[in-house]
Each structure stands twice: as C-alpha cells, then as structure tokens.
Amino acid sequence: MRKRFSLMLVIMLMLVTVLAACSGGSTAEEPTTGETPAETTEPAETPEEPAEEPAAEDATQNDGLFEATDMSMNPGTATNRTDTLIVGVTSPAGIFNPLFASTTYDIWVNDLIFESFQGINADGTYSPRLAESIEVSEDGLQYTFKLKPDLKYTNGSPVTVNDYYLALKMYHDSSYDGQSDPLSWKIKGGQEYYDGKADEISGVTIVDDHTVQVEVTEATALTQVNLAGVPFIPSDYYGESYTQGNLDGVKALNDKPIGSGQYVLKSFAPGQEVVFEANPDYYLGAPKIKNVIYKTTTDETRLAMLESGEIDMDMLTVDEDNVEMAQALGFLDLNIFPTNGYGYIGMNHTSPKFSDVKVRQALVYGLNRAEIVEAVYGKFADVINIPQSKQSWAYTDEGIEAYAFDTEKAKALLDEAGWTVGADGIREKDGEKFKIDFSATADNVVVDALLPIMTANYKDLGIEVVAEVLDFNAITEKAESGNFEMFFMAWGLTPDPDTTVYTTDGAQNRLGYSHPAYDELAAQGKAELDLEKRKEIYAKAYQELNATIPDILMYQRRDGWAINGRINGLEITPYKDFTIDLYKAEIGE
C-alpha cells in the first residue's frame, strides 16, 4: 500500500540548537481535543523522508501509523466528493491574522492564507519559504533576508519586503496585544517605536523591494526564527487601516484576511464552518485540492461524521475506545504520535488562596492525576511534572518531584499554610472559605473525567469546587482577561523550550505567576547558543517550576489524526501541522 502521509515521530535534533517560533515555546492555547531551534547561519535543509514503515500491529503500541484496512467500506458521501477536503475542527474564534491569533484553530486558518520567510519542517527544524536566501553576520547581529522574485498576494498586488516591515511595525506598536513578545527580539529601534519616540524602526533597512536587513542589539538562540517567522501582509490592504498607536483598523479586517498563501478565505460562519478556495497562483504550485472546508465538530460528533463521510479528517481524543472504533470502520488511516504539548489546570496567582506555594503543592498532591489520565486516555497519555514534551531535547526528570497522589501530605501542607477545617468540613483562613470556582469546558472528555475526581479529592482536603460550564472560546476570553480562579486547558509547544508562559508579565502568562529565579534562568537559556549549556540551564528552570507549581500539570498525551484513506500526501508530525504543506495533498479513490 502506498504511504499516504509521512510519519516522523520522536525525531531528536542533533548537534543543533532548535529555534522557536515567534510566540515562544508555546504556540497557542488549545482544548484537549485539538491539542495544538543550534545556532546556524543558514536555515536547516528539509530532512529526507523516512523509510516506509509497516502498519502498526502490536496491541500494546500507543503510537504509529495504523493504515486503512478495507477501503470498500468508504461511504459514498466521501467518495463522491472529488475536489473538496472537509476537515473537522473545534470552532475557530475568527481571528484570522497571524499577528493576533491565539488558538490553534485560528492558526490553522492563518497557515493556509499567510506566508513568511521560512517555515517549519517535519522534525522541528526550519527551511526557507518566501526567502531566496538568509544571511547572518558573524556576530549574529545583522540578518539579511532576500525575497523570492515574482510573488503575489491573492488580491494581485506584489509581495515586497515593505509588507514584512509593516508587520514588524505592527508587532512593535504600543497598542499590540497579541501573544508574541516582539520587544524581546531586540531589534534596534524597536523600543523607541513602541514608546512613540520614533516613526520608523531604525534597525530595519529596506535595501530594495526584495531585500531587507534587520539589525538586533542582542543575539539569542531564537533570533533568526523570530525574525524569519514574521508574516507577510499586503501593505496596500492592511497599511491603509494602520496608524501608529492604533491597531483597531487592522483588527477590523480579521475576518477578511488577504495573504499570499495556499488558499483564499471564501466565507466564515462562526460555530459552523470556514470555507477556502485554492490559490491558483501559489508560488510553490497550485494546491491539488481545489476546496477546503473546516467544519465545526465536537468530541461527541467527530467519529460519527467521519463514519458518515461528512468530514474527511479530524483529531480524535486518543483513547482505546476511539482507536478501536476508528479502526473498525476500515477506511480510516490513523496517525498517532506524542503530542508536542501538555494539558494543565491553570490557577490565578493574583488570588490570595493560590499565592502560597504550599497551597499549590497541596493541590497537586491532593489530586489523583494518574486516575484522571488513565480514565480518559488509558495507555495513550502519561502524567507529567514539567511543562515540556518528553520528545524535546530540553526534557529532564532529574531533580523533579513526582507529586504522587498523597491526601495526607496535602492536608499537612494546607495546615502549614494556615487553612484550618471548619465545622462544616470546609477549610477557612482569615474568614474566607476555601472554595474554588472552576471554569469547565463544555463537551470536553478530560473535564468530564476531571471534575468528579477533583471534586471528591478536594472535598477530602476540605476544599469545595464549584464548576461553571462554558465553551472553549469563552474560557479563553476569561483566561486572557484574568477573570478566573481555575480552568483546564492545554498548551501546544514549538520545538524550542523558550516561552513567555511562566515569565513575569510574559505575553502568554495568563496565570499571574512570577518567580525571579525562573525568570533569570529563562533569560539565560534564551541567550545561550551552546546546546549542552542550554540543556543544563533549562533543567534548572524546570526544577524551579516543579518546586513552585505555577499550574497543575496533567499529562502529555498522544495526538491522533483519523484521515479518510483516499486522502494522500499529508504530512503531520509532533512539530508540523497538516496545514503547512496542504497544497501537496490530493484526493485519490
């Protein structure tokens, strides 16, 4: 049987320091069902395809490629669809601008529409995309990007480096409130532009329409990918809506994006679907599949919609039941691999009850995480104690406390923290009852398992849990506004461990966590260019997080894409989403 998509699992990056994407080590907040670089002067080459691998047969195996076994079972609803790919997704929020998107599902939309100088490979390294060449000075302080010739946006206007510069200005605007941290890129003059003291970024030089030089004041392991990952946005469209100090006009175009990418957005019906049409002038070649639709699905509907042929592919919650049912259909390929991300329970550190580290440690000891993870995923997930994928070069378990379930230890820590059990069995301190308002995601299998176990476990500790059920986008809004006490979500990671999720006032730090020792180590890790030294630094950083508990880490699970067997040419790995090279995919028989 012909291999339909590449399976690249657990590929470690040897002898190089892996660079991260623009938003740092975490790409986007995700619900569990969609859960979501060595210093080199030249971008890494695309690795060769791995050798053909046989379908996985070991009943104990928890990742691999499980190929379709009986394509005769494929429903006519799917086989009659010859020019359209329908992808099941959690509903996007409608922020179709890569500068501002914060969820995986909005990012998947943006991936099809926008391009940048370089893009990610299957193993987490990077190669040129729009760039014809990238040159880096010996001291790492000057980057010269040369654009490929004759590129056009889908509105017909030419792609020039002035569009790149426009995006840089927007990133450095004082009104920018996206999840990237552009001031940390240290572009010369970036701070002055942000402060409104200059109307240009002095470190950016437009040599000609196809060449731009960017000068930084400080080189880090992330500089090249941060700069090369800036999206190209047409100046004649977005520039008309932008004035320094005010990005409102640009944001007003979020549902009407224009880029130079693989597809053109045709329509968006919130909560229902996003419709795309192929860009016939795409510079890497017109997409083989003319139409793509992202159709909204939930945990309850995914398998049924795959079975009926209403959708062609979707991410399943990878548990033994779902895998067994998907395989029984006969016509689905299953691509199961370790998630480059983790599930967690967020706590608001601005709340006095969560400000004491002993309380936070008690909440981890007092929660039977293993029972929850086993109930949801079985063999397809592992409890974790640091916010890093076990596939990462930065992962460590040295000096890491496992926080095994221990009710008595949790009670002792709460006693030490001054929370005493009242007559009603609920702990109190300074006249306040220990009650947790939990923002629960609707139709989420993890939350369905987590809530009853958490409620019972914490009741044993003398803590009351009160749940509020909301949809994913509503919880994301609460998290971004700081209007929460506790919630469950997941982070998708980039290949590099650098992140602002836990740094004081970090762009992605929604929890209000602050720990100077971690901040210092995170800064050292980002600035260091030697891989072995970076490993040592991040090991210490993870030890600090493990001891101080910014959040309750739950698991690294397996991702699982169920894909109709007639879809060929997709490449999906822990690092590379299906969207990146979707133009290569095609519909077979």
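- Ring geometry for Phe484 against Phe487 counts as perpendicular: the plane angle is over 60°, on a 0 to 90° scale with 30° as the lower cut.
- Side chain to side chain, Gln388 and Tyr542 meet the donor-acceptor criterion of an N or O pair below 3.5 Å.
- A donor-acceptor pair is defined here as one N or O able to donate and one able to accept, closer than 3.5 Å; no such pair exists between the side chain of Asp577 and the backbone of Thr579.
- No hydrogens or angles considered: nothing links the side chains of Thr420 and Glu428 as a donor-acceptor pair under 3.5 Å.
- The backbone N or O of Thr503 lies less than 3.5 Å from a partner atom in the side chain of Asn509, making a donor-acceptor pair.
- Side-chain N/O atoms of Thr339 and Gln556 include no donor and acceptor closer than 3.5 Å.
- Distance alone, capped at 3.5 Å, is enough to place a donor-acceptor pair between the Asp173 side chain and the Gly245 backbone.
- Of the possible donor and acceptor atoms, none in the side chain of Arg557 sits under 3.5 Å from a partner among the backbone N and O of Val318.
- If you check the side chains of Asp314 and Thr297, you find a donor sitting under 3.5 Å from an acceptor.
- Between Tyr377 and Tyr555, the distance separating the two ring centers is shorter than 6.0 angstrom.
- Annotation: cation-pi geometry not satisfied between Lys429 and Phe434 (NZ/CZ under 6.0 angstrom from ring centroid, within 45° of ring axis).
- When atom types are taken as modelled, the side chain of Thr504 and the backbone of Ser514 share no donor-acceptor pair closer than 3.5 angstrom.
- Between the side chain of Tyr105 and the backbone N or O of Gly94 there is no donor-acceptor pair closer than 3.5 Å.
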